[in-house]
Amino acid sequence: MVAEPRTWVDVEDAVRAWAREALPDLEGRVFFGANNDAAMPQVVLSRITGPDDRCLIQFDVWADTKAAAAQLAAALATALDALGRYTHDATLLHGARVEGVRWLPDEESDTPRYVVEATFTASATG
């Protein structure tokens with residue numbers, strides 16, 4: 001049995017673009033790595049595992065207080081549940097499923113953080 005070839009895409013880039021639009025109060029503070037020069041709150045995303053059609057993304061939701069981080073994590077989870085179709089460059093996000101939301105403050109700095117994990121389904125647009 002031979003699998004059909006497919007075009008792999010940059011899921012993380014599309015997810016970051018979507019998150020920047022879905023969470024306008026962050027004023028674009030959605031990054032691929034922590035940005036110590038940026039104001040709080042901010043979101044850091046990373047691809048954990050899976051192919052494009054079952055891609056697990058972790059969002060680290062940072063804020064100055066636990067309450068602010070919780071509110072932003074809830075807003076993110078709500079936006080993820082509402083995601084229908086979103087196109088960025090040559091990537092189509094078909095939707096997302098929230099896998100979990102958990103409290104996980106930074107061990108060293110005790111900075112408030114929630115972790116939101118979601119599985120995305122993505123493909124090439126063409």
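- The pair Arg6-Asp53 meets the salt-bridge criterion, with a side-chain N (NZ, NE, NH1 or NH2) lying under 4.0 Å from an Asp/Glu carboxylate O.
- Counting heavy atoms from C-beta outward, Thr91 and Trp8 have side chains that stay 4.5 Å or more apart.
- When every heavy atom of Ala63 is checked against every heavy atom of Thr111, the shortest pair comes out as O-CG2, 4.0 Å.
- When the shell of 6.0 Å around CD of Gln58 is examined, it contains more than 12 heavy atoms from other residues, nucleotides or ligands.
- Checking side-chain atoms of Arg29 against main-chain N and O of Ala39 turns up a donor-acceptor pair under 3.5 Å.
- In this structure, CZ on Arg113 lies 14.0 Å from CG on Leu72, to the nearest 0.5 angstrom.
- Across every non-hydrogen atom of Ala90 and Val9, the tightest pair is O-CG1, 3.9 Å.
- Ion pairing between a basic and an acidic side chain is recognised when a charged N comes within 4.0 Å of a carboxylate O; Asp52 and Arg47 show such pairing.
- Side-chain contact between Leu26 and Pro41: present, with at least one pair of heavy atoms (C-beta onward) separated by less than 4.5 Å.
- Transitive grouping of hydrophobic side chains (ILVMFWY, heavy atoms separated by less than 4.5 Å) keeps Phe120 and Leu92 in distinct clusters.
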Tell me, with the steps shown, if Leu80 and Val116 meet side chain to side chain contact (heavy atoms under 4.5 Å, CB included). CA-CA 10 Å; Leu80 287 162; Val116 178; 3.9 Å; yes
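- Taken together through direct or relayed side-chain contacts under 4.5 Å among Ile, Leu, Val, Met, Phe, Trp and Tyr, Ile57 and Leu104 form parts of separate hydrophobic clusters.
- In this structure, Glu117 pairs ionically with Arg102, as a charged nitrogen and a carboxylate oxygen lie closer than 4.0 Å.
- Of all the heavy atoms in Ala118 and Phe59, the pair that sits closest is CB-CE1, 4.3 Å.
- Using the six-membered ring where Trp is involved, Trp103 and Tyr114 have ring planes that are tilted, between 30° and 60° apart.
- Under the 3.5 Å distance criterion, the side-chain polar atoms of Asn35 are matched with a main-chain donor or acceptor of Asp37.
- Counting heavy atoms from C-beta outward, Leu45 and Arg16 have side chains that approach closer than 4.5 Å.
- Taking CG of Asp89 as the start and CG of Asp13 as the end, the distance is 6.0 Å to the nearest 0.5 Å.
- You'll find the side chain of Val101 stays beyond 4.5 Å of the side chain of Val115, heavy atoms only.
- Residues Asp81 and Val98 form a side-chain contact, since some pair of their non-hydrogen atoms from C-beta on lies under 4.5 Å apart.
- Residues Met40 and Val61 do not share a hydrophobic cluster, defined by chaining ILVMFWY side chains whose heavy atoms lie under 4.5 Å apart.
- The side-chain heavy atoms of Phe32 and Glu12, taken from C-beta on, include a pair separated by under 4.5 Å.
- Looking at Gln42 and Val30, their side chains never come closer than 4.5 Å, going by heavy atoms from C-beta outward.
- The CZ atom of Arg97 sits 10.5 Å away from atom CZ of Arg54, with the distance rounded to the nearest 0.5 Å.
- Residues Leu23 and Phe31 are members of separate hydrophobic clusters, defined by side-chain heavy-atom contacts under 4.5 angstrom among Ile, Leu, Val, Met, Phe, Trp and Tyr.
- Two residues are said to be in side-chain contact when any heavy atoms from C-beta on lie closer than 4.5 Å; Val43 and Asp60 fail this criterion.
- Linking Ile, Leu, Val, Met, Phe, Trp and Tyr residues whenever their side-chain heavy atoms come within less than 4.5 Å leaves Val15 and Trp62 in two separate clusters.
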